[in-house]
There are 2 protein chains.
Amino acid sequence: MGCEEEVVTTLRKAGQKATPQRIAVLSALRHSGRHMTASELLAEAKRQIPVLEISTVYRTLAAAKELRLVGEARMGTGEVEYEWLGQNRHHHLICRQCGQVERIEDTYLASLAIALFENYGFRADLDHFAIFGICRNCQKGGRG
Amino acid sequence: MGCEEEVVTTLRKAGQKATPQRIAVLSALRHSGRHMTASELLAEAKRQIPVLEISTVYRTLAAAKELRLVGEARMGTGEVEYEWLGQNRHHHLICRQCGQVERIEDTYLASLAIALFENYGFRADLDHFAIFGICRNCQKGGRG
DNA sequence: AGAGAAATTGCATATAATAGCACTTGATGA
DNA sequence: TCATCAAGTGCTATTATATGCAATTTCTCT
């Protein structure tokens with residue numbers, strides 16, 4: 001599958017066990033190339049591992065998060081969304097009035113990271129930020 | 001009490017009902033001047049309203065959040081922490097290795113907000129950010 | 001002060017996420 | 001290839017948070 005190979009290698013290199021459960025969950029996430037919730041991942045990975053438990057999904061994600069393979073995005077829906085942390089970091093502007101979601105590239109946050117490092121010596125992760133506020137349209141039109 | 005007066009006024013002005021429950025919860029939070037969890041607020045506010053329910057606390061906080069009276073801080077403990085949004089916004093740097101928490105002032109995030117407004121016309125809230133990463137000490141000493 | 005509409009509460013319950021524990025499995029090295 | 005052991009899994013229980021609904025309360029208008 002190719003996608004799986006990389007997941008296995010990455011896990012092993014990081015000193016984690018590459019169990020079928022983890023492989024299924026993480027390659028599902030990596031393969032999708034988008035945000036997915038824990039229950040979406042459960043459903044998807046169950047196609048390969050029917051006995052898979054939601055608690056295993058959460059533990060897999062927690063472990064992968066520690067290894068910085070995956071990141072979380074809290075988009076204001078009930079559930080946390082997870083994403084594979086490839087090269088192209090991005091963030092989201094979420095309008096709390098109309099709900100519109102706009103994707104922004106890493107530049108803005110990257111310069112924040114630089115400032116924090118210069119001033120505090122702190123290496124910030126800044127994997128994904130969900131930034132809430134009011135979008136251009138809703139500022140103009142009011143209730144547009 | 002003074003603290004209560006302001007909470008009542010603020011609620012009414014925003015078109016919300018000032019119930020004893022809400023007053024107790026919100027003035028507890030405002031009065032404390034720090035982050036508090038929902039269950040801490042329940043315990044505190046129960047001193048005035050013994051029958052108070054945790055669900056009412058959550059709903060009160062959700063309503064006040066919409067009005068931008070309070071903000072949330074996810075500090076990486078199990079529970080969300082709430083804070084009264086006065087003038088002095090601040091943020092936190094949290095070391096994911098040693099757990100150290102450092103408070104930073106709003107400046108860094110404020111300039112991010114400016115950039116987002118100039119480039120996207122987006123008015124970002126940026127009430128509180130919990131920024132995870134590795135602190136200066138842990139970078140040097142390794143396992144300091 | 002009192003009536004009525006609309007919001008809020010309490011209670012019960014649902015959902016999301018985490019944790020304990022005994023059993024199983026993957027990685028390691030002989 | 002097989003034994004060993006730590007790590008991971010399934011299952012269950014628990015915690016954190018959210019929601020439906022009937023009864024109650026606040027606010028507004030008179």
Side-chain angles (χ1 to χ4, degrees), chain A residues 4-5 7-27 29 35-43 45-46 48-67 69-82 130, chain B residues 4-5 7-27 29 35-43 45-46 48-67 69-82 130:
Chain A
E4 292 188 8
E5 309 290 314
V7 169
V8 173
T9 313
T10 316
L11 276 175
R12 293 245 175 83
K13 207 181 299 178
Q16 297 257 345
K17 288 187 181 172
T19 65
Q21 291 86 336
R22 292 181 160 199
I23 294 168
V25 170
L26 295 179
S27 45
L29 181 57
H35 293 186
M36 291 179 78
T37 66
S39 50
E40 283 176 332
L41 283 166
L42 175 66
K46 261 196 166 176
Q48 295 184 232
I49 317 273
V51 300
L52 187 64
E53 277 285 316
I54 188 71
S55 59
T56 298
V57 174
Y58 279 114
R59 279 187 287 220
T60 297
L61 290 168
K65 213 169 57 182
E66 290 251 318
L67 298 177
L69 292 177
V70 310
E72 307 183 332
R74 289 173 196 276
M75 305 290 287
T77 66
E79 291 170 81
V80 176
E81 301 180 6
Y82 297 87
Chain B
E4 293 188 6
E5 308 290 314
V7 168
V8 173
T9 312
T10 317
L11 276 175
R12 293 245 174 83
K13 206 183 297 179
Q16 298 256 344
K17 287 187 182 171
T19 65
Q21 290 87 334
R22 292 181 158 197
I23 294 168
V25 170
L26 294 178
S27 45
L29 181 56
H35 293 186
M36 291 179 78
T37 65
S39 49
E40 283 176 331
L41 283 165
L42 174 66
K46 262 196 166 176
Q48 294 184 231
I49 318 273
V51 300
L52 186 64
E53 277 285 315
I54 188 71
S55 60
T56 299
V57 174
Y58 280 113
R59 278 187 287 220
T60 297
L61 290 168
K65 213 168 56 180
E66 290 251 318
L67 299 179
L69 292 177
V70 310
E72 307 183 332
R74 288 172 195 277
M75 304 290 286
T77 67
E79 290 169 82
V80 176
E81 300 180 6
Y82 297 87

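Lettering follows sequence order; numbering is per chain, from 1. Just so it is clear, the model here is predicted, and its values are computed rather than measured.
Distance check, rounded to the nearest 0.5 Å: NZ of A:Lys17 to OG1 of A:Thr19 gives 9.5 Å.
In this structure, B:Glu53 places its CD atom 17 Å from P of D:dG20, rounding to the nearest Å. Distance CG (B:Leu11) to P (D:dT25): 19 Å, rounded to an integer number of Å. Atoms CD1 (B:Ile49) and P (D:dT24) sit 17 Å apart, rounded to a whole Å. Whole-Å rounding puts the A:Gln16 CD to D:dA6 P distance at 16 Å. D:dT14 atom P lies 17 Å from atom CD of B:Glu79, rounded to whole Å. Rounded to whole angstrom, the span from the CE atom of B:Met36 across to the P atom of D:dT17 amounts to 14 Å. The nearest whole Å value for the distance from the CZ atom in A:Arg74 to the C1' atom in D:dT17 is 12 Å. D:dT9 atom P lies 13 Å from atom CD1 of A:Ile54, rounded to whole Å.
The residue among B:Arg59 and B:Ser39 whose nearest nucleotide of DNA chain D is located toward the 5' end is B:Ser39. Checking B:Tyr82 against B:Thr19, the closest nucleotide of DNA chain D that is more toward the 5' end is the one next to B:Tyr82.
If you check every strand for non-hydrogen atoms under 4.0 Å, B:Ser55 touches a base. Residue-level contact check: A:Ala18 touches the backbone only, with heavy atoms under 4.0 Å from sugar-phosphate atoms and none from bases.
Taking the side-chain contact (heavy atoms from CB on, under 4.5 Å) definition, one finds that A:Ala62 meets it with nothing, sequence neighbours left out.
In this structure the side chain of A:Leu61 reaches within 4.5 angstrom of the side chain of A:Leu41, judged on heavy atoms. For the pair B:Glu79/B:Glu40, no side-chain contact is recorded, criterion being any heavy-atom separation below 4.5 Å from C-beta on. Side-chain atoms of B:Arg22 and B:Gln16, non-hydrogen and from C-beta on, do get closer than 4.5 Å to each other.
The side chain of B:Gln21 contributes no N or O atom lying less than 4.0 Å from OP1 or OP2 of D:dT26. Residue A:Thr56 places at least one side-chain N or O closer than 4.0 Å to OP1 or OP2 of D:dG10.
Tested against B:Tyr82, the residues B:Leu29, B:Val25, B:Thr37, B:Leu26 include a single side-chain contact (heavy atoms from CB on, under 4.5 Å) partner, B:Leu29.
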Residue pair B:Leu69, B:Val7: steps toward the side-chain contact (heavy atoms from CB on, under 4.5 Å) verdict: CA-CA 9 Å; B:Leu69 292 177; B:Val7 168; over 6 Å; no

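With D:dC27, D:dA16, D:dC11 as the candidates, the nucleotide lying closest to the side chain of B:Tyr58 is D:dA16.
From the 5' end on, the contacts that DNA chain C makes with chain B at under 4.0 Å to a non-hydrogen atom open and close at C:dA6 to C:dC11.
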